[in-house]
Amino acid sequence: MNKINILLLFAIAAYLNEVQASSLLNLGAEFHKGRREELRSRLKDSSAALVFSYPERNRSADINYEYHANPDLYYLTGFTEPNSVLVLMKNDLIFNGIRTNEILFIRGSNPEKEMWDGKRLSLKDAPELLKINAIALTQNFEKIETAFLGINKVCITGIPKGLIDKKSDPADLSNLLSKFMILVDSKSLHLDSYQLGKLIRQMREVKTEEEIKIIQKAVNITMEGHKEMARFIKPGISEFQVEAAGEYVFKYLGAEDVAYPSICGTGQNSVILHYHTNRDQSKPQDLILLDMGAQYKGYAADITRTFPVSGKFSAEQKLIYNIVLEAQLSAIHQCKPGKAFMEPHREAQKIIQKGLADLGILQQGEDPSKYFPHGTSHYLGLDVHDPGSYGRLEKGMIITIEPGIYIPYGSQCDPKWWSIGIRIEDDVLITETGHQVLSGPLPKDIEAIEKLMEEKPVYLVDK
Ligand code: GLY
Ligand code: MN
Ligand code: MN
C-alpha cells in the first residue's frame, strides 16, 4: 500500500467515526428498553427468549436487496443490522462477568467492510446507545453456554429460512443458528417456537404514544405524496410517472422507503388488488387507483385513493365511488373499543351489497365478495399487515379501513361498469371513546378530489 492509500484510509476511518451507525434508526433507546421490560414481564420463570435478525437476501450476482430488519428485533432493540440475535432472560444470569437479563450479539466493527457498506455499531458504543449492558460478538455466541445454567426453556419466534452459509464469515446467521442448535441439543433445552410470537404480537397490536406519533408522521408524509399525485395526474401519464411523483415526495419528506410496493393501477389494472407492475399508460376515461404508503422510522402508512385521470369522475364512476365512500365512512363509524375486529367489515359488506344491488350489478342478497373480494381492515405498524389477534378493538390499536369495488372487464353486468376499480383506504387509531382517522385530512369525497386535481404541483416544480 502506498502513502496516499494509507492517508485515504485514515481519512475514511475518521469520517466513519463521525457518522452515526445506520443501525440506529430508532425511537430512542428508552422506548426499546421499555418494550424489552414489558416482554420480560410476560415471560415464564427460567425461560429465555431469542429473537434472530432476518437474513440478508441476494438480488443477483454480488448485489443484495436493501436489508430489512426483523421488525420484532427492531421493536425490542432499535437495532437494524443483520447477523445478530437478542437473548432476553426472565431471571438474571452472569455473562462475561456481568449480571444481566439481556444479551445482544452483534457483528461488531470491521473497518474494511465499513469502508464499502457504512458504519457498523461497535462493541464499545453499543451498551450506551442501546441501553443493553451485555453486548457480545455474534462469532462468540457459544460463550452463552456457561451462562445458561438455570435456563430450561427457550422461546423463539421462528428459525430464519433460506440462509446462505458464508463459510468465510464466522459471524453470519447460518453459523449463529448452527451454534444455537448445538446449545439446545447439548443442554437438552425445551424449544418453544409458538409462545414468543404470540407474546410479541399481543404487544405490537397495541401502540404506545411514541409509536402513534411516528405512525402519524408516516401518514402525514404519505398524505403529501397522495396530494401531489392528484395534482400531477393528467391524461396520457404513465403509472410509473405517478408512482415516481408519490415516492419522490415520500423520500423528499424524510421517509426511508415505501412501506410496500406501490400500487398504481389505471383502467383495467385498478381492479387487480395488489397490482404493482405500474408500467401502463393512462387513458383519459380511466380511473387510477393509488395504494401507496411511506415507511418512516420503520413504521408504515397505508393509504389508498382513487382518482379520475381526466380530473373529473364520469357518471358511472361517481355512482360506484359513492358506494365505496359510504361503506368506508360507515365502517369507520364502527371503530371503537370493544367492537369485534370484523364489525367494520360486516358494515362495509352490507352497504356495498345494497349499493350494487340498487344499480343492478348484483342481485338482491347476492354475495358482494364477487366485486369486494378482500377484508376491510388489518393492523398497521412496523409491518403494513401488522400482527394482531383479530379479537376486539382496543384503545391504541391502529387499523386500516379499506373497502373497495372492482368490476373486471367482461363481468356479468352492463359493460358500462367494466374496468371500474375503486378502493378508499384510511389509517384509523382506536381511542378511548371511539377513533381518530390519522389520514382524515386527505381529501376523499368527489368534490374535494376534483378540486385538488385542479391545483398545480407543489413539490414537483423547479425552484
Ligand atoms: N397496501 C396493501 C393493503 O392495503 O393491504
Ligand atoms: Mn391496507
Ligand atoms: Mn393499502
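All ligand and atom numbering here is 1-based and tracks the order in the structure. Computed from a predicted model, the values in this text were never measured in an experiment.
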Asker: From His385, does some N, O or S atom reach closer than 2.8 Å to the Mn ion (ligand 2)?
Answerer: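 No, since none of the N, O or S atoms of His385 sits under 2.8 Å from the Mn ion (ligand 2).
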Asker: Less than 3.5 Å apart, any donor N or O on the side chain of Tyr275 or Glu239 sitting next to an acceptor on the other?
Answerer: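 Yes, a side-chain donor-acceptor pair sits under 3.5 Å.
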Asker: Can Ser389 and Glu205 be counted as having a side-chain donor-acceptor contact under 3.5 angstrom?
Answerer: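 Present: a donor and an acceptor within the cut-off.
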Asker: Can a donor-acceptor pair be found between the side chains of Glu224 and Tyr459 at a distance below 3.5 Å?
Answerer: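 Judged by distance alone, the side chains do pair up.
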Asker: Could Glu210 and Lys213 be called an ion pair, given the rule that one side-chain N must be under 4.0 Å from one carboxylate O?
Answerer: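 Between Lys213 and Glu210 there is no salt bridge, as every charged N stays at least 4.0 Å from the carboxylate O atoms.
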Asker: Provide the number and element of each atom of ligand 1 under 4.0 Å from a heavy atom of Glu425.
Answerer: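 That gives atoms 4 (O) of ligand 1.
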Asker: Are Tyr296 and Glu256 close enough that a side-chain donor and a side-chain acceptor fall under 3.5 Å?
Answerer: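 Tyr296 vs Glu256: no donor-acceptor pair found between side chains.
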Asker: To which protein heavy atom is atom 5 (O) of ligand 1 closest, and what is the distance rounded to 0.1 Å?
Answerer: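 Ranked first by proximity to atom 5 (O) of ligand 1 is His385 NE2, 2.6 Å.
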Asker: Could you tell me, atom by atom, which parts of ligand 1 come under 4.0 Å of a heavy atom of His378?
Answerer: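 Near His378, the atoms of ligand 1 are 3 (C), 4 (O), 5 (O).
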Asker: Can you find a side-chain donor-acceptor pair between Thr431 and Gln436 that sits under 3.5 Å?
Answerer: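 No.
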Asker: Would you call Glu343 and Arg346 a salt bridge, using N to O less than 4.0 angstrom?
Answerer: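 Here Glu343 pairs with Arg346 in a salt bridge, since their nearest N and O are under 4.0 Å apart.
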Asker: Decide yes or no on side chain to side chain contact (heavy atoms under 4.5 Å, CB included) for Thr400 and Asp426, but give the supporting numbers first.
Answerer: CA-CA 6 Å; Thr400 63; Asp426 279 310; over 6 Å; no
Asker: Could you name all protein N, O or S atoms found under 2.8 Å from the Mn ion (ligand 3)?
Answerer: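 Metal shell, protein only: Asp291 OD1, Asp291 OD2, Asp302 OD1, Glu425 OE1.
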Asker: Need the ligand 1 atom indices (1-based, order shown) with element for anything under 4.0 Å from a heavy-atom of Asp291.
Answerer: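 Close to Asp291: 1 (N), 2 (C), 3 (C), 4 (O).
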Asker: So is His274 close enough to ligand 1, meaning a heavy atom under 4.0 angstrom away?
Answerer: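 Yes, that is the case, since the closest heavy atom of the residue is under 4.0 Å from the ligand.
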Asker: With a 3.5 Å cut-off and no angle check, do the side chains of Lys44 and Gln195 form a donor-acceptor pair?
Answerer: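 No.
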Asker: Can you report which non-hydrogen protein atom sits closest to atom 4 (O) of ligand 1, along with the distance?
Answerer: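 So the nearest neighbour among protein heavy atoms is Glu402 OE1, 3.0 Å.
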Asker: Please determine whether a side-chain nitrogen of the Lys or Arg among Asp386 and Arg201 lies less than 4.0 Å from a carboxylate oxygen of the Asp or Glu.
Answerer: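 Here Asp386 does not pair with Arg201 in a salt bridge, since their nearest N and O are not under 4.0 Å apart.
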Asker: Examine ligand 1 and decide if any of its atoms is less than 4.0 Å from a heavy atom belonging to Asp302.
Answerer: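 Judged by the 4.0 Å heavy-atom criterion, Asp302 does count as contacting ligand 1.
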